[in-house]
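To start, the structure itself, in structure tokens.
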Amino acid sequence: MAYKLLIINPGSTSTKIGVYSGEKEVLVETLRHSAEEIGKYDTIFDQKGFRKEVIMKVLKENNIDVNSLDAIVGRGGMLRPIPGGTYEVTDKLLEDLKVGVSGQHASNLGGILAHEIVDELQDIARISGMPELPRRSIFHALNQKAVAKRYAKENNKKYDELNLVVVHMGGGVSVAAHKNGQVIDVNNTLDGDGPFSPERAGSVPVGDLVKLCFSGKYTESEVYSKIVGKGGYVAYLNTNDVREVLKAIEEGDNHAKLIFDAFIYQISKAIGEMSVVLKGKVDTIILTGGIAYSPVVINAIKENVNWISNLTVYPGEDELLALAQGAIRVLDEEEEAREY
């Protein structure tokens, strides 16, 4: 039976939706949201009505009746650390998404079924230098896993026999070491770790951040927004669109070029870090996410890291299909929905 599925994948700068008949793609749309639109809302949860309205409008325009759907699948968001899988919606799951029990991110709005938050960090990777602040596994788990398994399948290999460095480049940037089927180290992509990105500050000088927090100039939420939402490209160049940055560079904007070069520099450094985690044994470096559509970005990173391993590029993400496949396995009773 070809189940009819609606897949909802909210990201920091867009809401991606897909309608599937089984694994066959019927409709896929990327509903982009500008920094100005998102900036109208104080919290992620406040965006719920705005995003829902946009989704329902697209479904109506394409004559898709929500009552005809067999399942609605959402990228679940920032939940407590749990094993990967498809989770049944419970009141507890929804409440944790609403309050952002593990952090505030647009994926919390997926809310119908949980997003895979895979916590496979090796113990040594959890040590931060402060016992009160252990490093956490918060990254683009669904797409990272999907493209890693895709690479394995296309090369007639098993995912759990490969060493991979996977880089997701979107509103946030996650760089992970995949060793024998597990993500053993990755930057906390959400709130202050790793490379900066279109909307996030990434790792910043901690001492100076402490001084900023106690300067009396900003509230807690205002400081946090500088880290997530108004950091990175938004802070330096007032845009979350890398295409606009590249256009500015073409027009001779030297400041834009400096920020772009720093973006490439930081991602390349992070790839180097993860290659050390894998002791230099890297089968391939996978670049994925929306920014991976840019040949300028790909070539710039390649120039820095091709001595480590070859590059494999999967532009965009496979998250919609991965979510659909998870729902199909549950509907076909190949696996049971997990309880959160």
Side-chain angles (χ1 to χ4, degrees), residues 81 84 117-131 133-152 155 157-170 172-197 200-207 209 227 231-232 260-289 291-292 297-314:
I117 295 274
V118 183
D119 188 355
E120 300 165 340
L121 290 190
Q122 54 186 344
D123 288 340
I124 197 171
R126 300 181 192 277
I127 306 302
S128 69
M130 288 183 65
L133 302 175
R135 294 185 64 244
R136 296 187 293 159
S137 174
I138 299 179
F139 68 112
H140 303 91
L142 191 61
N143 188 47
Q144 287 249 357
K145 288 280 187 175
V147 296
K149 291 175 182 177
R150 176 180 170 183
Y151 172 82
N155 289 274
K157 296 180 180 179
K158 294 182 179 179
Y159 171 50
D160 59 9
E161 295 176 351
L162 292 171
N163 282 357
L164 308 169
V165 175
V166 183
V167 183
H168 179 108
M169 299 178 291
V173 172
S174 59
V175 184
H178 295 237
K179 181 177 176 63
N180 303 135
Q182 292 192 318
V183 178
I184 63 170
D185 202 346
V186 64
N187 60 299
N188 179 336
T189 312
L190 179 64
D191 52 7
D193 196 17
F196 75 79
S197 70
R200 298 172 201 169
S203 300
V204 297
V206 177
L209 178 61
I227 298 171
F260 174 78
D261 287 347
F263 175 66
I264 299 298
Y265 178 80
Q266 291 192 11
I267 291 175
S268 302
K269 281 177 62 178
I271 291 172
E273 290 174 1
M274 293 306 164
S275 70
V276 170
V277 171
L278 297 172
K279 299 182 179 179
K281 299 176 182 178
V282 181
D283 291 295
T284 193
I285 299 166
I286 299 176
L287 304 182
T288 184
I291 297 175
V297 171
I298 299 303
N299 290 334
I301 293 174
K302 182 177 181 179
E303 185 177 344
N304 288 340
V305 304
N306 62 359
W307 58 274
I308 297 172
S309 183
N310 66 302
L311 263 64
T312 301
V313 183
Y314 294 127

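Residue numbers start at 1 and run along the sequence shown.
Ser174 contributes no side-chain N or O that, together with a main-chain N or O of Thr189, makes up a donor-acceptor pair within less than 3.5 Å. Counting only distance, with no hydrogens or angles, the side chain of Thr284 and the backbone of Asn310 share a donor-acceptor pair below 3.5 Å. For the pair Lys158 (side chain) and Asn180 (backbone), a donor-acceptor distance under 3.5 Å is absent. Although no hydrogens or angles enter the test, the distance criterion places a donor-acceptor pair under 3.5 Å between the side chain of Asn187 and the main chain of Val173. Under the 3.5 Å distance criterion, the side-chain polar atoms of Ser203 are matched with a main-chain donor or acceptor of Gly194.
Of all non-hydrogen atoms in Pro131 and Pro134, the two that sit nearest each other are O-CD, 3.7 Å. A pairwise comparison of heavy atoms in Trp307 and Asn304 identifies NE1-O, 2.8 Å as the closest pair. Nearest heavy atoms, Gly272 versus Ile308: CA-CD1, 4.1 Å. Heavy atoms only, all atoms of each residue included: Ala201 and Phe196 are closest at O-CB, 3.3 Å. Gly170 and Ile291 make their closest contact through O-CD1, 3.6 Å (heavy atoms, listed as atom of the first residue, atom of the second, distance).
Judged as a salt bridge (Lys or Arg N to Asp or Glu O under 4.0 Å), not a single pair has a partner in residues 271-289 (not counting sequence neighbours). Contacts classified as salt bridge (Lys or Arg N to Asp or Glu O under 4.0 Å) and involving residues 177-187 (residues at least two apart or in different chains) are given here: Arg135-Asp185.
The closest side-chain heavy-atom distance from Met274 to Val282 is not below 4.5 Å. Two residues are said to be in side-chain contact when any heavy atoms from C-beta on lie closer than 4.5 Å; Phe260 and Val297 meet this criterion. Taking the side chain as every heavy atom from C-beta outward, Tyr151 and Leu162 approach each other to under 4.5 Å. Looking only at side-chain heavy atoms (C-beta outward), Val183 and Lys145 come within less than 4.5 Å of each other. Contact of the His178 side chain with the Ile286 side chain is not registered, since no non-hydrogen atoms from C-beta on lie closer than 4.5 Å. Contact of the Met169 side chain with the Ile301 side chain is registered, since non-hydrogen atoms from C-beta on lie closer than 4.5 Å.
Within 6.0 Å of the CG atom in Leu133, the count of heavy atoms belonging to other residues, nucleotides or ligands exceeds 12. Around atom CD of Gln122, more than 12 heavy atoms belonging to other residues, nucleotides or ligands sit under 6.0 Å away.
One finds the CD1 atom of Ile264 at 8.5 Å from the CD1 atom of Ile298 (value rounded to the nearest 0.5 Å). Note that the CG atom of Asn299 and the CG atom of Leu311 stand 9.5 Å from one another [nearest 0.5 Å]. To the nearest 0.5 Å, atoms OG (Ser128) and CG (Asn188) are separated by 11.0 Å. For the atom pair CD1 of Ile285 and NZ of Lys302, the computed distance is 11.0 Å after rounding to the nearest 0.5 Å.
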